[in-house]
Structures are given as structure tokens and as C-alpha cells.
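Predicted model, so just to flag it, every value in this text is computed and none were measured.
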4 protein chains.
Amino acid sequence: MSPRTPEQFEEIRQQSRARIMEEALELFARQGFHNTSISQIAKAANVSKGLMYNYFASKDDLLEAIVRQEIEQGEDLMEILSSTTHDPYEQIQMIVTGAFQMVKTDLKHWKLITMLALQEEIMQRMSELLRQKTERGLEDAIRLFERMGVPDPKAEAYLFGATLDGIFLHFLSTGPMGVDYPLEQVQRSLLQRYEPYKTTTNED
Amino acid sequence: MSPRTPEQFEEIRQQSRARIMEEALELFARQGFHNTSISQIAKAANVSKGLMYNYFASKDDLLEAIVRQEIEQGEDLMEILSSTTHDPYEQIQMIVTGAFQMVKTDLKHWKLITMLALQEEIMQRMSELLRQKTERGLEDAIRLFERMGVPDPKAEAYLFGATLDGIFLHFLSTGPMGVDYPLEQVQRSLLQRYEPYKTTTNED
Amino acid sequence: MSPRTPEQFEEIRQQSRARIMEEALELFARQGFHNTSISQIAKAANVSKGLMYNYFASKDDLLEAIVRQEIEQGEDLMEILSSTTHDPYEQIQMIVTGAFQMVKTDLKHWKLITMLALQEEIMQRMSELLRQKTERGLEDAIRLFERMGVPDPKAEAYLFGATLDGIFLHFLSTGPMGVDYPLEQVQRSLLQRYEPYKTTTNED
Amino acid sequence: MSPRTPEQFEEIRQQSRARIMEEALELFARQGFHNTSISQIAKAANVSKGLMYNYFASKDDLLEAIVRQEIEQGEDLMEILSSTTHDPYEQIQMIVTGAFQMVKTDLKHWKLITMLALQEEIMQRMSELLRQKTERGLEDAIRLFERMGVPDPKAEAYLFGATLDGIFLHFLSTGPMGVDYPLEQVQRSLLQRYEPYKTTTNED
DNA sequence: CATGAATGAGATTTCATTCAT
DNA sequence: AATGAATGAAATCTCATTCAT
């Protein structure tokens, strides 16, 4: 009888929004943005087509919401790292391990962002959002390599990032979900590159 | 006024086909496959919509033709390399230089292939085609690193390939056509990695 | 905290109804009936969409209610006139002055009715309502001109009414709310037409 | 076998375009713009929905095309008048007769324009177009009344135009297509107004 | 009495493909 | 071999209306 409270409405909204975004991410990542229809998303999210437009002004808007969320998450990687160890090699190790872990479990986000990054038209709308995140990650990496004593930290940071993304790209391009991509081997090999910069004190 | 010979007809056909494929590649790479219409391609290729279907049975068919051509070209990279030098370091050098050269001038092909590779649905149709090419390149690289004496040649080959593709990916994702991506610096740094394996004595 | 009396409830109901109708009139007049959504009206009336259906069975019903109200008001123009003066010229004067006054302050009603009158489909539902009002006004005017001694009172009444509505139509069509429509001048000129029929001697 | 010539294509285009515009005008005038769907128009024009967009970029564009055509026609009313007679009273007579003739046969155009003129939102897009036409007609009328020797020619022109449009408005609002609107009577009465200004030479 | 989430029918628009010439 | 008009299916989007709370 009594109407729902604004809080209840807000919760319902959040749930529906989240479900839609989740399914949309899934589908966009698998099929691409332009190859995924609102109908598909609605069906996947178990929601009527019409409702989609209650939450997102347009398909473009939905995409933007997803990307924005993606970027706003994972904000504080470096902070987490710093709180665990101050040794730069160990931090690299953690980054690599973390990234490879992520890649195995949940590659949707990376895939979507990468696909978008390759489409100029879409990029223009997103570039502001993406630029920031990329830049921050890069700067963190540069500082890391500086502290490790690598000769050309900036170039190394670029190379490091490129290698990681390149691995994911190949992993994803190899058949259905990277079967027979030698992920572990590659990971080990990548880390070995930076072993020379391991801090001499207290190591194996 | 005299009727054209069958050969002339055939040549005209080939020219039209080529122009269509070229413009389609351009557009697909810039806007994505699903976001590019037949009309756009026809206009860009200065050809009527109807004529498109004289050359390609469907939009999908056009895409496949482009990808197939892409793959069939550049077939013989290693052969060219081998004919120039037998020193593996120099060959790596040439590969890297060549790739970085290509990236600056004509990235369309790489971009299109990569975009496609990320879309499962499209991939399925193409995977046969792509797998071959990737595999062959990989094997070549493994042999190269073996000859260089790198500890884990297979992993190194994977890393090497990933790094190259990662660089291109980042280059493309950085603003309009990679302005302010430090391509030269990165190239130098990448090559330095393999300098330790330079054969000091000049062999061949 | 004490429960409201039924009368209070009824009053609140009436207020809400009135506010909705007012805002709807505003929007319908500005944007047209089919171009105005229930959501817009609800927002403008500061009421939930659902509640709208508590007061009006449908959008059509809301429109009908507005038109009906419009018609039921202003019922007794002639009565008012008669009570003030019996001189027909003065009555014409009052009608004209009144109409021109109305036009400057609140043209919404006239506009809405006119827009509706031009749409056959809508008209059919409303025509019963509108016919009456028009007819009564017309008859009043005919009698007026008869008493003034105009040669063809019926035709004159038609002309008079047409001129008034035509003026309003032009006034509304001239830029934003009739800026630079010479309303005063036109009003004066219109009245001059009937000056010959002014009773020089004060009659009745 | 041989392709159609550009001229043939152009002719086909013009025919289809014309048919679509004609039917759209009919429907817009009867039902209103926002209350007429592209599907309805397509069906009426015996054409697929898709084809509509071959000729008009949008529904709005279609409307604009119709209005523009409407305005560009009937350009030279005054020129025609001048070529027939120089007597201003006779010209007025001709205008009135012509307008009343038009109103009986083909009121669609007037109706559509009038409906649009009442919708602010639509008007904004069209106002440039409409303003011109209105202004020109008005100026012509003012000059006419000047030559007739009417006391306040400007006000008279406004009144005259308003009366004409008002008559049409009432005619249209009276049941299905103005049955029982005394059009002839009103016409006669309107003309009588200007008889005093008939040129004294050679009259009845 | 009141809310706004949710629906579904239908509107506008797009586009690969066909076809008469 | 070549054209672009024409189609139809499907995509995006809108909105009056219903309903659980």
C-alpha cells in the first residue's frame, strides 16, 4: 500500500543498472559494440528493451557508462602495491602476477577497452577517460623502473606495458580463450628479464 | 571504340576489385567492420552499390577477401631475410626495423586484423586463415632465438611477438595516429635487449 | 497528524487535478498534443506518472477534460455584457477590447483549441463540445449586429468572428509571442469599422 | 541490359519524391505531423518504409521539403494580378475570389502551414521560410490599400489578411470540410466592405 | 494516495541485398 | 558490366500504460 521509499527505488535502479551493464560488457567484449544489439542485451539481462532506456539514454551512453566504471575501478593499484612492499622488483613481480591472474579469470574488461581503443570514432568520445588511466599507469611504471636502476626507465616502461598488452592480445587471439597459449612459460620469461635488477640484499 | 579484348576486361575487373578492397580496408580499419556500410565503401571506391555484388558475394565475403589477401602477402618475410644476412641478431634487427617502418606508414592492415582477431564471431570464420600465418611467424622467430642462443627460445619468441604487437597497439591507441608515442626510443630500447647476443666476431 | 477529513482530501485532489490540467494545457499549447508526453506533464506538474492515472483515465481523457473546462468557462460572456450596457456598439467594443486583452495575457487556451480544431481525428471526439460553444457565440453576435442595423447581420457576424480569430492566428504566428505584431493599431482599425453604427443619440 | 541513363534515374526519383510528398502533405494536413507515421505515408504512397529515407533524411526533412515547396510555389501572385488589371479594387476582388476558390478545392496546404505555424518547436525550424512569404504578401496588400485610398492602409492590410485566414480557419473547423459554412455569403459581405473604394470612373 | 520501475507496442531509422533496365 | 531505386528485416528509440509496493 505505502509507496516504496526513495532508497528502495534507488536500490532497484542500481541492481537493474548493474545487471544490464554486466551483460552488456559481456556481449560487447565477445561480439563487439556495433555487432551487439540492444535486444540481445535486454534478453541477456532479462529485461525489456524499453527499460534499457530508463537507465541509459542511448546505446552509446550505455557503453560510456561501462567504460567509465571500468576506469574508475582499479584506481589504486599502486597504492596497494606500495602498502605491501617497497622493493621495486617485487612490485614488478606483483604487477605481472596480478595481470596474468586477471587475464585468466576476467578478460572481458581488457578486451572491450582494447577493441574500443582501436576504433577512432568511438575513441574520440572515450579518449578523455582512457588517456588519464593510461597516463597514470605509465608514470607509475616509469618511477618503478627508475628505482630499479634500469638504464632508460621511460622506454622500459613503454616496453613493459606493450609486452603485457601484447601478451593478452595474443592470448585472446589464440583460439577459444587462449587454449594452448603458454601463459605460464611466458610469464616466467618476462619476469626473468628484470631479475638482474633484483635488490642484492636478502635474496635467494 | 573497338571492343575491348577479354584481357582488358579482366584487367579492369581486377582494378575495380583492388580499389574496392583498398577502400574497404581503409574504412574497416578506421570505423570497424560492422560500423561501415556498403554504401560508404561504394562511394569511397567510386563504384555503384550494385557493382559491389558483382565482385563480392556479400559484405562478409569482401572482408574475407581482404583478410586473405593480407595473409597471402608478406608470405616470404623469412626468405627475404635469409637472403640478406644469416646473422640472427641482424635478422632481428631487420625485423624490428621493418616492423617499425611499416607501423609508421601503413598500419591499416595490422589494425584490421587485430580488430577482427578480438571478435570471436568473426574470428571463427577467419581463424583458419590467421592461425597459419601466426604459427609460421612464431616458428621462424623461435628458430631465430635458438640460433642466437637465448635461454628459452620459445618463450622469448612469444615475448618478442607480444612486445611488437603491444607497441603497435599502444601506438594506435595514443591519440590521432600515435602522435607523441616515443616510437624511436622504444625501438632502440627493444633492440638493446638482444645486443648481448650480438656475435662479436662477424660470422655469416 | 490527525487524519484529514474527506473534505480536505477532496480539496487536495482538486488542486492536483487543476495543476495537472494547467501544466498540460501549457505544454499542449506550446508543443502540440501528440508531441507532449505524459512524463513531461507529470514532471511539470510535480506529480508522479502513476498518479496522473488516478486523475485521468488516459492522455486522451486529460485532453478532453481540459477542453471541456475551457468550454464551460467563459460561458456567460453575453450575460456579463448585457448587465453592463445595452448599447450594441458598446458591447462590440467590449468584446473586442476583452478579446484583445485576453490575447496579450493568455493565449494558451485559444491556441490549444485552434490546434485541435484543425485535426480531424481529434476534432471528432471534441466536435460536440466545440460546436455548441461556437454556435452560441455566433448567435449572440448575429443578434448584436441585427440590433446595430448592419445590412447582413449573419454574414457580418461570421466576418467579425473570423477577423478576431485571424488576428489571433497571425499574432501567434509572428515570431515569439507576437513581438512586432501591431496589435493596438489593428484593434483600433477593427473598431472603426463599426463606428458608423454608433448610436449618436443615447438610446435604450 | 544497358543501365538507365542519369536522366531516367532523375525522373524516377522525382516521381517517387513527388508522390511521397503529396501523400505526406495529405496526411500531415489531416492528422497533424506528429500524429502521422512514416509507415502510414509509405503505405499511402505505395512505397516501402526504407525508400522514404532514400529521398528524405528524416521525417523532419520531409516536412521541410513540403513546406519549402509550398512556399516556393505561388510565388508571383501579385505579378499575375498586375498583368490583368491595375485597378486596386478589382485586384482585391481577384484576391478574394481566388482565395475562396482555393479554399474550396485544395485546403491542405493552408491547413498544414497553419498547423505548423501554431507549434513553436516546429516553427523555429520553419520560421525563416514562412516569414518571407508572409511579409511579401503583407507588403503587397499594404500598397494595394494605399492605392485604394483606405485611411490606415497598414492596419487595413493586417485586418484583411486576418479576416481571410480567419474565414478559412472557421471553414475548416466546421464539421467535415466546412459543410454548412456560408462561404458565398461571407465572401460577398467581405467584398462589400471595399466597394466604397471602387474607382468612380466606369462603374455600375 | 503515491511512486517510479517495468512493459510492449509501435515509431523512426539503417542497411545488406535484389532487381529492372 | 553498371546503375541506383527499391525492399524488408532488423536496429534504435519512444511512450502510454500497468503494477508491485
Given F:dT7, F:dT3, E:dT3, which nucleotide is nearest the side-chain atoms of D:Val47?
->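 Out of F:dT7, F:dT3, E:dT3, the nucleotide with an atom closest to D:Val47's side chain is F:dT7.
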Give one of base, sugar-phosphate or nothing for B:Ser37, where a contact means two heavy atoms less than 4.0 Å apart.
->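 B:Ser37: backbone/sugar contact only, no base atoms under 4.0 Å.
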For A:Ile38, answer base if it contacts any base atom (sugar-phosphate contacts may also be present), sugar-phosphate if it contacts only those atoms, and nothing otherwise; contact means non-hydrogen atoms under 4.0 Å.
->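 The answer is sugar-phosphate, as A:Ile38 gets under 4.0 Å only of primed atoms, P, OP1 or OP2.
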Whole-Å distance between [N] [atom2] and [X] [atom1]?
X       : N      : atom1 : atom2 : result
D:Glu11 : E:dA20 : CD    : C1'   : 15 Å
C:Met52 : F:dT18 : CE    : C1'   : 15 Å
D:Glu10 : E:dT21 : CD    : P     : 19 Å
C:Phe56 : F:dT18 : CZ    : C1'   : 18 Å
A:Arg19 : E:dA6  : CZ    : P     : 8 Å
D:Leu63 : E:dT13 : CG    : P     : 12 Å
A:Gln40 : F:dA10 : CD    : P     : 12 Å
A:Lys43 : E:dT7  : NZ    : P     : 14 Å

So is C:Lys108 actually on top of C:Phe28's ring, under 6.0 Å and inside 45° of the axis?
->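 Checked: cation-pi criterion not met.
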Can you find an N or O donor on one side and an acceptor on the other, under 3.5 Å apart, linking the side chain of A:Asn54 with the base of E:dA6?
-> yes
Do B:Leu116 and B:Leu63 touch side chain to side chain, with heavy atoms closer than 4.5 Å?
->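 B:Leu116 reaches B:Leu63 side chain to side chain.
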Are the side chains of C:Phe33 and D:His34 in touch, meaning some heavy atoms are under 4.5 Å apart?
->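 SC-SC contact between C:Phe33 and D:His34 ruled out.
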Heavy-atom nearest nucleotide on DNA chain F taken for D:Leu51 and for A:Lys59; more 5' hit belongs to D:Leu51
Name the residue closer to the 5' end of DNA chain E, choosing between D:Phe33 and C:Asn46 according to the nucleotide with the nearest heavy atom.
-> C:Asn46
Sorted by position of nearest nucleotide on DNA chain E, 5' first, the leading residue of D:Ser58 and C:Arg13 is C:Arg13
For a quick test of reading the model: is some side-chain N or O of [X] closer than 4.0 Å to OP1 or OP2 of [N]?
X       : N      : answer
D:Arg4  : E:dA20 : no
D:Tyr53 : E:dT13 : yes
D:Ser16 : F:dA6  : yes
B:Lys49 : F:dG4  : no
A:Tyr55 : E:dA6  : yes

So, B:Gln40 and B:Gln31: side-chain donor and acceptor under 3.5 Å apart, yes or no?
-> yes
Just checking, is any N or O donor in the side chain of A:Glu121 or B:Asn35 under 3.5 Å from an acceptor N or O on the other one?
-> yes
For B:Ala29 and B:Met115, which heavy atoms make the closest approach, and how far apart are they?
->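 Nearest pair, atom of B:Ala29 first, then B:Met115: O-SD, 3.8 Å.
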Please report the closest heavy-atom contact between A:Ala57 and A:Asp61, naming both atoms and the distance.
->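 Scanning both residues, the minimum pair turns out to be N-OD2, 3.2 Å.
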DNA chain F: stems of at least 3 consecutive Watson-Crick or G-U pairs, cut-off 3.5 Å?
->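 The stems are E:2-21 with F:2-21.
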Salt bridge check: are C:Lys111 and D:Glu120 linked by an N-O gap of less than 4.0 Å?
-> yes
